[in-house]
Amino acid sequence: MTLGIRCLACCATLLLTAPPVAAQQRINAGHGLNPSGLIRIWSGSGSLRIVGWDRDSVSVSGTIPRGRRFHLGGSRAGIKAAIDLMEESDVAHLEVRVPRRSQVWVKTAASDVVASGLSGGLDVYTVTGNVTVSGNLGAASLESMGGTVAVSGSVESLRAKTASGDLRLSGTSEDAVATTVSGTIRLDGARFQRGRFESVDGRIVYAGAVPPGSGLVLETHSGGVEFALPRGTAGEFTVHTLRGEIRNELATSVPVRRSSPARKLDFTLGTANGTQVNVRSFRGSVVLRRQ
């Protein structure tokens with residue numbers, strides 16, 4: 001068999017054995033919606049981009065599996081966007097433009113969700129997709145079992161949750177709660193007036209200022225906690241770990257109290273002004289240092 005015939009035979013074999021690629025069809029749809037109306041979006045796998053704009057309508061564009069029918073309907077008070085007979089294995093890539101102050105509810109299997117330009121409310125649940133949010137929201141509830149949740153900008157009331165995915169928070173919030181089982185919680189340059197951050201096995205890394213008058217709680221079971229604070233930070237700090245270690249580089253003149261196997265450290269930086277930070281861990285170690 002000549003080299004050319006062998007190449008043709010190999011190509012034919014690859015074509016016969018390769019998994020089929022689902023054909024896609026383009027969609028473009030629109031519907032009127034009040035400026036603060038509700039929109040519910042269902043999607044399977046792929047990507048979903050949500051953009052806030054200054055119009056009293058919803059516009060949807062993108063691609064969905066061929067043979068599926070896209071549904072967009074309801075009233076000006078609330079509408080639903082979904083792909084009929086959508087299976088978890090189906091892949092869709094959608095961009096949805098919504099009124100900036102609308103209330104957006106999203107549920108996906110594995111779609112990566114990116115939201116920007118919103119100022120109303122956002123509720124996202126995905127199984128394995130990533131969630132990325134920016135803007136100035138009134139409230140946001142974001143959950144991914146296996147994906148990463150990343151938030152920047154300002155959210156008045158934030159709830160973020162993962163199982164194994166990381167949480168990356170770098171914005172501001174009056175009231176924030178973030179929980180994970182084994183992911184890492186990273187608070188990089190974030191400013192929270194009230195915040196509670198909990199992990200079972202994952203680490204918590206806080207790098208940034210602590211706002212005056214704020215109240216923060218960081219709690220893990222076996223994950224470590226790292227606090228990196230800039231000079232001039234003020235507040236009352238209480239650190240307690242039952243079986244871990246405490247390394248204190250912020251107030252070196254204050255000793256760690258030991259009552260084997262527990263460790264506890266209490267100290268104040270500057271003028272506290274009502275600022276309180278509590279760090280608790282069962283098995284994890286805690287490091288306090290300067291940025």
Side-chain angles (χ1 to χ4, degrees), residues 131-136 140 142 148-156 158-160 162 165-180 182-241 244-257 263-291:
V131 181
T132 305
V133 176
S134 61
N136 299 297
L142 315 170
T148 295
V149 175
V151 181
S152 59
S154 172
V155 182
E156 290 183 20
L158 172 64
R159 300 293 181 268
T162 69
D166 291 346
L167 290 164
R168 300 173 184 169
L169 311 179
S170 59
T172 64
S173 179
E174 290 294 315
D175 181 26
V177 177
T179 60
T180 182
S182 59
T184 296
I185 301 178
R186 294 189 178 275
L187 310 164
D188 190 1
R191 295 178 64 87
F192 303 104
Q193 202 60 36
R194 292 181 304 278
R196 187 176 188 89
F197 311 100
E198 300 177 358
S199 175
V200 179
D201 299 321
R203 297 168 62 228
I204 301 179
V205 181
Y206 188 107
V210 178
S214 61
L216 304 178
V217 176
L218 290 77
E219 189 170 309
T220 74
H221 181 269
S222 57
V225 178
E226 182 177 345
F227 242 106
L229 301 174
R231 293 189 180 278
T233 297
E236 296 179 3
F237 291 76
T238 299
V239 181
H240 182 267
T241 177
E245 294 292 333
I246 299 174
R247 192 171 85 221
N248 174 26
E249 300 175 9
L250 291 177
T252 54
S253 61
V254 181
V256 176
R257 300 201 305 273
R263 307 285 188 273
K264 189 173 183 181
L265 175 67
D266 295 286
F267 64 94
T268 299
L269 293 177
T271 303
N273 292 326
T275 303
Q276 294 186 334
V277 177
N278 288 277
V279 181
R280 296 190 292 266
S281 182
F282 182 69
R283 294 180 181 274
S285 295
V286 180
V287 177
L288 306 167
R289 62 178 179 82
R290 297 288 183 191
Q291 277 189 310

Val225 and Thr241: CA distance, side-chain angles, deciding distance, side-chain contact (heavy atoms from CB on, under 4.5 Å) verdict: CA-CA 10 Å; Val225 178; Thr241 177; over 6 Å; no

Test side-chain contact (heavy atoms from CB on, under 4.5 Å) applied to Phe237 and Asn248, step by step: CA-CA 11 Å; Phe237 291 76; Asn248 174 26; over 6 Å; no

Evaluation steps, side-chain contact (heavy atoms from CB on, under 4.5 Å), between Val239 and Phe227: CA-CA 11 Å; Val239 181; Phe227 242 106; over 6 Å; no

Check against side-chain contact (heavy atoms from CB on, under 4.5 Å), Leu142 and Leu158: CA-CA 8 Å; Leu142 315 170; Leu158 172 64; 4.2 Å; yes

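The line from OG1 of Thr179 to CD of Glu219 is 11.5 Å long, rounded to the nearest 0.5 Å. Interatomic distance, Glu174 CD to Arg191 CZ, rounded to the nearest 0.5 Å: 11.0 Å. Distance CG/Asp166 to CZ/Arg186: 7.0 Å, rounded to 0.5 Å. One distance of note links OG1 of Thr172 with CD of Gln193; it measures 10.0 Å at 0.5 Å rounding. From Gln276, atom CD reaches atom CD of Glu236 across 5.5 Å, with rounding to the nearest 0.5 Å. Rounding to the nearest 0.5 Å places CD1 of Ile185 at 13.0 Å from CZ of Arg168.
A distance-only check finds a donor-acceptor pair linking the side chain of Ser173 to the backbone of Val155 [under 3.5 Å].
Under 4.0 Å is where a charged nitrogen must lie from a carboxylate oxygen, and between Asp175 and Arg159 at least one such pair does.
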Could you tabulate the donor-acceptor pairs under 3.5 Å formed by side-chain atoms of residues 265-273, not counting sequence neighbours?
| from | atom 1 | to | atom 2 | distance (Å) |
| --- | --- | --- | --- | --- |
| Asp266 | OD1 | Thr238 | OG1 | 3.0 |
| Asp266 | OD2 | Arg257 | NH1 | 3.2 |
| Asp266 | OD2 | Arg257 | NH2 | 3.1 |
| Asn273 | ND2 | Thr271 | O | 3.3 |

Listed pairs under 3.5 Å, donor-acceptor, residues 282-291 side chains, sequence neighbours left out:
| from | atom 1 | to | atom 2 | distance (Å) |
| --- | --- | --- | --- | --- |
| Ser285 | OG | Glu245 | N | 3.1 |
| Arg289 | NE | Glu226 | OE2 | 2.7 |
| Arg289 | NH2 | Glu226 | OE2 | 2.7 |

Side-chain polar contacts of residues 201-217 - donor-acceptor pairs under 3.5 angstrom, sequence neighbours left out - could you list them?
| from | atom 1 | to | atom 2 | distance (Å) |
| --- | --- | --- | --- | --- |
| Asp201 | OD1 | Ser222 | OG | 2.8 |
| Tyr206 | OH | Ala209 | O | 2.8 |
| Ser214 | OG | Pro211 | O | 2.6 |

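Among residues two or more places apart in sequence or in another chain, the salt bridge (Lys or Arg N to Asp or Glu O under 4.0 Å) test is passed with Asp188 by none. Residues meeting the side-chain hydrogen bond (donor to acceptor under 3.5 Å, both in side chains) test with Ser281, sequence neighbours left out: Thr220.
Residue Ile246 comes nearest to Lys264 through the heavy atom pair CD1-N, 4.0 Å, listed as atom of the first residue, atom of the second, then distance. The minimum heavy-atom distance linking Thr180 with Gly165 is given by the pair OG1-O, 3.5 Å. Scanning all heavy atoms of the two residues, the minimum distance from Pro255 to Ser253 falls at CD-O, 3.5 Å. Closest non-hydrogen pair, Arg263 versus Val256, comes out as CB-CG1, 4.0 Å.
Between Phe197 and Leu167, the closest side-chain pair of non-hydrogen atoms is not below 4.5 Å.
Applying the salt bridge (charged side-chain N to carboxylate O under 4.0 Å, His left out) rule to pairs touching residues 208-217 yields nothing, sequence neighbours excluded.
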